[in-house]
Protein chains: 2
Amino acid sequence: MGRQKKTELSGVKEIARRANVSIATVDRVIHNRKGVSEATRQKISEIIAEMGFQPNILASRLASKKVNHFAVLIPKSSETDYWESPVKGIERAHQEIKQYGIVLDKYFYDLNDKKSFTKAANLLLQKQCDGVLVAPSFIREATDFTSYCQAKNIPYVFINSDIPGRDSLCYIGPHLYKSGYQAGQLISFGLKAGNVLIVNISREIDSYHHLLRKEDGFRAYFNDNKGGQIELAKIDIRDTDQQSIEETLDAIIAELQGVDALFVTNSRVRSVASYLVKRKLEHKILIGYDFLQENVKYLKQGVIDFLIGQKPEEQGYLGLMTLFQHIVMGGEMAQVNYMPIDIITKENYEFYKN
Amino acid sequence: MGRQKKTELSGVKEIARRANVSIATVDRVIHNRKGVSEATRQKISEIIAEMGFQPNILASRLASKKVNHFAVLIPKSSETDYWESPVKGIERAHQEIKQYGIVLDKYFYDLNDKKSFTKAANLLLQKQCDGVLVAPSFIREATDFTSYCQAKNIPYVFINSDIPGRDSLCYIGPHLYKSGYQAGQLISFGLKAGNVLIVNISREIDSYHHLLRKEDGFRAYFNDNKGGQIELAKIDIRDTDQQSIEETLDAIIAELQGVDALFVTNSRVRSVASYLVKRKLEHKILIGYDFLQENVKYLKQGVIDFLIGQKPEEQGYLGLMTLFQHIVMGGEMAQVNYMPIDIITKENYEFYKN
DNA sequence: TATTTTAACGTGTACGTTACCGTTATGAAA
DNA sequence: TTTCATAACGGTAACGTACACGTTAAAATA
């Protein structure tokens with residue numbers, strides 16, 4: 001398709017011409033380096049504004065062989081393979097932007113070990129970096145870490161869970177409360193009367209906090225929409241091995257004299273599904289979280305009725321991209337970016353994008 | 001963060017060095033232009049492969065100042081504002097890639113006028129372009145158009161609806177049949193027994209075809225999952241003014257002696273919602289398509305229970321990006337890219353991303 | 001044989017920006 | 001006065017690639 005029309009007066013060169021200075025001086029004010037008199041700086045700034053000058057990022061990045069290090073600090077994949085998805089998203093984003101001289105440093109911690117967070121964080125802080133993407137699973141530790149970042153003037157974005165008070169560039173993740181609320185609506189739509197059991201399965205007391213937000217939202221739905229004859233009950237399960245789960249469920253269901261629907265507040269819904277199959281209770285309504293292989297298996301079988309997805313891969317992708325936009329492109333980003341509350345069923349799972 | 005480590009033998013220069021040729025020759029084989037002996041071409045190709053050479057797109061685009069014209073041929077926003085979303089997505093994509101010298105030419109046609117499609121298409125073909133994104137609403141006309149494209153060797157991607165036989169780069173849009181199937185599941189989940197009415201509202205006989213695919217899927221669900229006492233009925237409405245719709249609905253509902261749920265096969269669900277409000281039938285289950293302002297209004301009011309979304313904005317975005325990836329980046333794309341079948345409710349709509 | 005063509009390759013400049021280094025002028029310290 | 005520091009600026013070589021053009025030698029033609 002031919003070549004561009006003769007460059008119609010744009011770029012630093014044109015700015016330099018109009019201001020009667022060299023392009024070097026223009027460059028100085030663009031990157032507000034020192035060595036320019038206030039008068040010239042003013043003049044050039046005006047010209048830039050009036051031209052609506054946008055530096056050519058291609059040329060810029062090419063010339064300044066600058067390299068930016070982005071660090072990510074997230075849990076390693078453990079019991080569930082949940083955290084593989086954000087990693088995938090992060091790597092996809094990296095693939096797209098490494099042309100611009102972005103290098104990625106990954107640090108992993110153990111969700112079952114607070115200390116490992118601090119350890120990884122210290123390792124991270126050792127090395128220089130220009131931005132960090134962090135999943136602040138442990139509130140206190142993450143707060144300490146981000147304080148360091150602020151002291152060193154390193155911007156950070158939160159992913160997957162938020163610490164509202166902090167001065168993060170952005171939070172990218174689910175609105176936990178509302179996702180529980182949504183689960184409430186779904187169960188309510190399918191069950192007009194009966195017993196509903198809320199199931200919290202988590203070994204870690206810290207991540208427990210997240211589950212509670214979902215539970216609150218869930219309960220709130222039934223509070224806001226009375227009318228049906230729904231009875232809510234709840235069970236916390238700390239021993240996450242399958243046998244303990246099954247025994248606990250047996251006990252509570254016996255106590256309640258049967259349940260009609262179960263809401264599992266995290267991705268461990270697969271364990272409950274497995275239990276229901278074993279007890280031949282597949283017809284119970286079952287809702288849980290996360291588009292994981294094991295969960296989808298039960299979704300396909302019709303044991304799980306709905307999965308709520310929070311786009312973990314997209315979270316990772318957007319997280320890194322947010323850093324990129326802010327640090328490299330100099331764009332402004334929204335302060336929070338809630339993921340959609342995706343409803344996944346046997347009928348639509350094959351088109352779902354994490 | 002400092003400068004990059006001394007360029008460790010990469011790029012065309014290194015290839016040239018290894019092959020004992022000039023970089024111009026390397027350039028020739030990279031862009032497979034003529035003027036290179038078969039032997040040298042072979043040798044250079046091998047070196048490229050073994051080095052895993054990836055041309056620096058920044059430098060490439062900068063040097064070549066090449067401009068690619070992408071054309072889009074889609075309906076103009078009319079009765080519904082549905083097509084505003086794809087346009088938004090397209091423009092967002094353009095914003096991202098215009099740095100690479102992409103210029104966008106938009107052509108609109110009238111969904112109520114086949115001729116306007118051909119007219120716009122001819123206009124488009126007048127001008128040179130390197131790729132086109134087309135919503136092939138009229139099968140015959142679009143087939144003709146894409147034949148021209150193939151003759152002129154212009155790649156094209158389909159958006160929003162497909163023409164399976166054609167040799168498009170890619171189809172990006174919903175799986176209509178399955179989306180209907182999904183609607184079936186939702187209604188079935190909330191209604192164990194009763195009358196369900198399928199409502200097709202469309203003036204254009206041509207776009208009717210799409211509605212039928214959805215209806216087929218919807219019916220298929222109840223066929224595959226018998227058990228409930230669900231009776232299906234159907235009504236086609238060609239006169240799309242509100243009064244005709246209401247009269248027709250009055251008649252059919254009287255005839256059926258009441259309905260418990262309605263499935264509207266397109267975005268005109270708002271009209272049915274309006275009707276239900278007027279007749280004080282808001283409690284009926286109502287499902288329809290598309291995340292449009294008017295529809296969301298009734299969703300919020302609880303008149304519409306579920307909306308099925310097909311990410312129109314993302315369709316536009318991905319459509320243009322697919323062209324970009326294929327034509328500029330030289331990447332290979334999947335042949336079809338079905339959008340997820342999104343389930344939107346009163347509870348999650350505020351987080352939905354079109 | 002002399003001339004022209006052509007295949008096959010090399011040279012050099014441009015793309016828009018960055019950053020290093022050099023230059024000038026001015027004023028303060030010696 | 002000279003010396004020197006410093007602020008304010010200019011010149012220009014890169015960055016990696018693209019491409020117009022120049023060159024060479026061999027083959028084709030006259």
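Values below: all heavy atoms of this structure, side chains included; hydrogens, waters and symmetry mates excluded. Order of the sequence lines fixes the chain letters, A, B, ..., with proteins taken first and strands second; residue numbering starts at 1 for each chain.
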> With side chains defined as the heavy atoms from C-beta onward, is the minimum distance between A:Y317 and A:E96 less than 4.5 Å?
Replying inline: yes
> Rounded to whole angstrom units, what separation is found between the CD1 atom of B:I57 and the C1' atom of C:dG16?
Replying inline: 18 Å
> Quick one: B:N56 CG to C:dT17 C1', roughly how many Å, whole number?
Replying inline: 14 Å
> Expressed in angstrom and rounded to an integer, what is the separation of B:R61 atom CZ from D:dC15 atom C1'?
Replying inline: 18 Å
> Do the side chains of B:Y109 and B:F138 get nearer than 4.5 Å, heavy atoms only?
Replying inline: yes
> How long is the line joining NZ of B:K66 and P of D:dA18, in whole Å?
Replying inline: 8 Å
> Is the distance from OP1 or OP2 of D:dT17 to the nearest side-chain N or O of B:S64 less than 4.0 Å?
Replying inline: no
> Does A:R28 get its side chain close enough to the base of D:dG10, under 3.5 Å, for a donor-acceptor pair?
Replying inline: yes
>> If the helix axis at each end comes from five base pairs, how far does the helix from C:dT1-D:dA30 to C:dA30-D:dT1 deviate from straight, to 10°?
In response: 60°
> So what does B:L58 hit on the nucleic acid, given a heavy-atom distance under 4.0 Å: a base, only sugar-phosphate, or nothing?
Replying inline: nothing
> Does a nitrogen or oxygen in the side chain of A:K65 sit under 4.0 Å from OP1 or OP2 of C:dT17?
Replying inline: no
> Quick one: A:I23 CD1 to C:dA14 P, roughly how many Å, whole number?
Replying inline: 14 Å
> Between A:Q99 (CD) and D:dG16 (P), how many Å, whole number?
Replying inline: 12 Å
>> From the set C:dA14, C:dT17, C:dG10, return the single nucleotide nearest to any side-chain atom of B:A63.
In response: C:dA14
> Does OP1 or OP2 of C:dG10 have a side-chain N or O of B:T25 closer than 4.0 Å?
Replying inline: yes
> Going by an N to O cut-off under 4.0 Å, is there a salt bridge joining A:E91 and A:K88?
Replying inline: no
> Are the charged groups of A:E50 and A:R18 less than 4.0 angstrom apart, N to O?
Replying inline: yes
>> So B:D27, base contact, sugar-phosphate only, or nothing? Heavy-atom distance under 4.0 Å.
In response: base
> How far apart are the C-alpha atoms of A:V26 and A:F53, what are their side-chain angles, what is the distance that settles it, and do they pass the side-chain contact (heavy atoms from CB on, under 4.5 Å) test?
Replying inline: CA-CA 12 Å; A:V26 174; A:F53 169 74; over 6 Å; no
> Is the shortest heavy-atom distance from the side chain of A:R166 to the side chain of A:Q150 under 4.5 Å?
Replying inline: yes
> Do B:R61 and B:V328 have side-chain heavy atoms sitting under 4.5 Å apart?
Replying inline: yes
> Which residues, if any, of residues 30-49 of chain B bring a heavy atom under 4.0 Å of DNA chain D?
Replying inline: B:H31, B:R33
>> Both B:S22 and B:A59 contact DNA chain C. Which one's nearest nucleotide lies toward the 5' end?
In response: B:S22
>> Rounding to an integer number of Å, can you tell me how far A:L62 CG sits from D:dA14 C1'?
In response: 9 Å
>> Output the rounded distance in Å from OH (A:Y100) to P (C:dT18).
In response: 14 Å
> Does any non-hydrogen side-chain atom of A:F158 lie less than 4.5 Å from one of A:V134?
Replying inline: yes
> Can you check side-chain contact (heavy atoms from CB on, under 4.5 Å) on B:K34 and B:R28, steps first, answer last?
Replying inline: CA-CA 7 Å; B:K34 59 174 189 172; B:R28 287 185 185 97; over 6 Å; no
>> Apply ring pair (Phe, Tyr, Trp, His ring centres under 6.0 Å) to residues B:Y156 and B:F145 and explain how you reach the verdict.
In response: CA-CA 10 Å; B:Y156 54 89; B:F145 169 65; 7.4 Å; no
